[in-house]
Each structure stands twice: as C-alpha cells, then as structure tokens.
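To keep things clear, I will list the structure first and then write my remarks on it.
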Number of protein chains: 2
Amino acid sequence: MQTTLEFDQVFSALADATRRDIVRRAMDAGEGVAELASHYPMSFAAVQKHVAILERAGLVTKRRIGRRKVVRTNMAGLLVARRLLDQYEELWRGRIDRMTELVTEPKESNP
Amino acid sequence: MQTTLEFDQVFSALADATRRDIVRRAMDAGEGVAELASHYPMSFAAVQKHVAILERAGLVTKRRIGRRKVVRTNMAGLLVARRLLDQYEELWRGRIDRMTELVTEPKESNP
DNA sequence: CATCGGTACAACCATACGGTTGTATGACGC
DNA sequence: GCGTCATACAACCGTATGGTTGTACCGATG
C-alpha cells in the first residue's frame, strides 16, 4: 500500500513543469543529466536537483554508463499517482450509483 | 488542452495529505467548510485555505446552502491529472513497442 | 599521473507555502 | 436591528522550494 509520504513526493514532484518534461524526455532514455540540462533555460545544478527530486519520488532511476549517468523514467512510480486517481474515480462512481439507486428504487411503490 | 499552470495547480494541490482527504470527503458532499475543518487537527482558517487552493485548482466547487457553503469535489478536475498520466502511459507503451519491434524485426534475416 | 568531462553537493538568496491569530462580511433567528 | 453561526481575508511567522555559484568527487583518456 502507498504511504502518504509516497503520495506527497510523487504529486509534488509532478507539480513542476520542468520535472514533468524531464519525465517525458527520460522515457526515450539515453540522456545523462548534462544532456537533459541542455534543454532548459537554467543551470546544470538546478536540473540536477530536479532529477534528484524525481529520483527520491521514485519517478526516475539513474544508471551509470561510462562517465555519464543515464536517466530513465520509472513507470511504476507514475502508477502510484494513477492508483490514487483510480481510487478516487471508484469512490465517485460508488457515490453516483448510490444516488441512482435512491432515484430508481424509491421508498414507496410508484404508480 | 491543459495549460501548464493547470497541471501545476492540480498536482501541487494533490501533494498535500489534508487536501487529498478533503477531496475524498467532499465526494459524499454535504459538509461545509467548518464541518470539514472539524476532522483535522488545525485551525478553521487553515482548512479554509486548503479548500481555497483546491477550488482554484478546479478540484472542488462550493455552493451556498443556507448559511453554509457546501464543498463538493469536481471529478473533471481529477481527470485533468489522470489525462496527463494516461498520456505518459501511452508514450511509455509506444517506447516499449518500438523496442519490441527492434528485437522481433532484426536488420538481417535470422537462422 | 594529469586532465577533463560529467556528476554531486554545500552555501546562499528570494519567494512560496502551511500554519497561526485577528478582523470583517453575510445570512439566519429572534 | 441584534446577536450569532459560517465563511472570508489580511498580517504575520517559520520552513520548504527553486534558483544561483562554487567546490569536490569520480572515471575515461591523453
């Protein structure tokens, strides 16, 4: 089961446009941190921090290849977020069903 | 289409345990802000702020009923987040497919 | 071994965030 | 109109966050 901390980390990690773009880019993995950094209008260190945040949240992994560390997104991490949303959707559906039930099965018999 | 700001707001709104719980509670709507606040170990004002953040993010709506304002979650808002994740999943799948293709359709004919 | 490319990390700064208290607005019951 | 319940909002405070620069740590290559 997911801990609240896990949810906090995943959602706050995704709450930044640069990080969302890194996640997207790191799907076709092959780029190291420096290569990733070249796409954004900020310092290398800033991007390196973003990657670290994504890594702590379990959204990407880093693997050493030669002198670089290649960043690759971890689908399992994204699924953590999705599971919460699915859970909400299920609750929502349940609520709708209960309302429908009230309407189609009234207390008294109908004409 | 979703704007970056919309994504920022939705994900950062969901990156807080109290707010996630409010979203869950507000599905079975019926509670006003004060009633919601009674569930959490913090001031009314703090909860009111959380609700405001959720409202700006489009995750809940408030409707006046008598002297209260009843909070109800807005499923459409949650679907904004889900769409992004679905989009990621699709990209991921596409990447897997391309890799599979490389494996099952090698350059040269196989023995 | 010296160097250089790539990464990590610490220190610092401005601003945003989560919480507090206090005050103002709005709608109902008398 | 008056009190009061429910909500809104401003001011303030400590800490987290997103950015910067500078320095130290590998690992490949001359």
Side-chain angles (χ1 to χ4, degrees), chain A residues 3-26 29-74, chain B residues 3-26 29-74:
Chain A
T3 71
T4 49
L5 188 99
E6 212 172 342
F7 282 133
D8 286 5
Q9 287 180 333
V10 168
F11 282 103
S12 71
L14 289 175
D16 179 282
T18 303
R19 287 195 292 262
R20 285 193 300 272
D21 197 66
I22 291 175
V23 166
R24 189 183 57 71
R25 275 206 149 88
E31 295 189 307
V33 184
E35 282 145 304
L36 279 174
S38 72
H39 302 302
Y40 309 103
M42 64 187 75
S43 69
F44 167 82
V47 173
Q48 197 256 336
K49 270 196 191 177
H50 281 308
V51 173
I53 289 171
L54 288 170
E55 193 178 18
R56 266 194 313 136
L59 289 174
V60 305
T61 58
K62 277 183 286 190
R63 197 189 148 197
R64 171 133 248 151
I65 293 190
R67 52 177 83 182
R68 299 177 315 151
K69 277 201 177 171
V70 166
V71 181
R72 124 175 281 117
T73 110
N74 175 26
Chain B
T3 71
T4 334
L5 188 98
E6 212 173 342
F7 282 134
D8 285 4
Q9 287 179 332
V10 168
F11 282 104
S12 71
L14 288 175
D16 180 282
T18 303
R19 288 196 290 262
R20 286 194 300 272
D21 198 66
I22 291 175
V23 166
R24 189 182 59 70
R25 276 208 149 86
E31 296 190 306
V33 184
E35 283 144 304
L36 279 175
S38 72
H39 302 301
Y40 309 104
M42 64 186 75
S43 69
F44 167 82
V47 173
Q48 197 256 335
K49 272 197 191 177
H50 281 307
V51 172
I53 289 172
L54 288 170
E55 193 178 19
R56 267 193 313 136
L59 290 173
V60 305
T61 57
K62 278 182 283 189
R63 197 186 149 200
R64 172 131 248 152
I65 293 191
R67 52 177 83 181
R68 298 176 315 150
K69 278 203 178 170
V70 167
V71 180
R72 126 176 282 118
T73 111
N74 176 26

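Lettering of chains follows the sequences in order, A, B, ..., and the numbering in each one begins at 1.
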Nucleotide [N], atom [atom2] - distance to [atom1] of [X] in whole Å:
X	N	atom1	atom2	result
B:Phe44	C:dT23	CZ	C1'	13 Å
A:Arg64	C:dA8	CZ	P	7 Å
B:Glu55	D:dA8	CD	P	7 Å
A:Arg67	C:dA8	CZ	P	15 Å
A:Met42	D:dT21	CE	P	13 Å
A:Lys49	C:dA10	NZ	P	11 Å
A:Glu35	C:dG5	CD	C1'	11 Å
B:Ile53	D:dC9	CD1	P	13 Å

Indicate whether OP1 or OP2 belonging to [N] is found under 4.0 Å from a side-chain N or O atom of [X].
X	N	value
A:Arg19	D:dG18	yes
B:Lys69	C:dG26	no
B:Ser43	C:dT20	yes
A:Gln48	C:dA8	yes
B:His50	C:dC17	no
A:Lys62	C:dA8	yes

Over all heavy atoms of both residues, which pair between [X] and [Y] is shortest? Give the atoms and the distance, please.
X	Y	result
B:Thr4	A:Ala17	CG2-CB, 3.3 Å
A:Thr73	A:Ala26	CG2-C, 2.9 Å
B:Val47	B:Met42	CG2-CG, 3.8 Å
B:Val70	B:Ala29	CG1-CB, 4.4 Å

Checklist line | B:Ala45 side-chain proximity, nearest of C:dT21, C:dC4, D:dG19 | finding: C:dT21

Checklist line | Shortest side-chain distance from B:Val33, nucleotide among D:dG19, D:dG27, D:dT7 | finding: D:dT7

Next item on the list: For the pair B:Arg20 (side chain) and B:Leu14 (backbone), establish whether a donor and an acceptor sit closer than 3.5 Å, ignoring hydrogens and angles.
Entry: yes

Notebook entry, point to check: Hey, does B:Ala46 reach any base, or is it just sugar-phosphate, or nothing, if we go heavy atoms under 4.0 Å?
Noted result: base

Margin query: Need one value for A:Arg68: base, sugar-phosphate or nothing, where a base atom within 4.0 Å counts as base even if backbone is also close, heavy atoms only.
Written below: sugar-phosphate

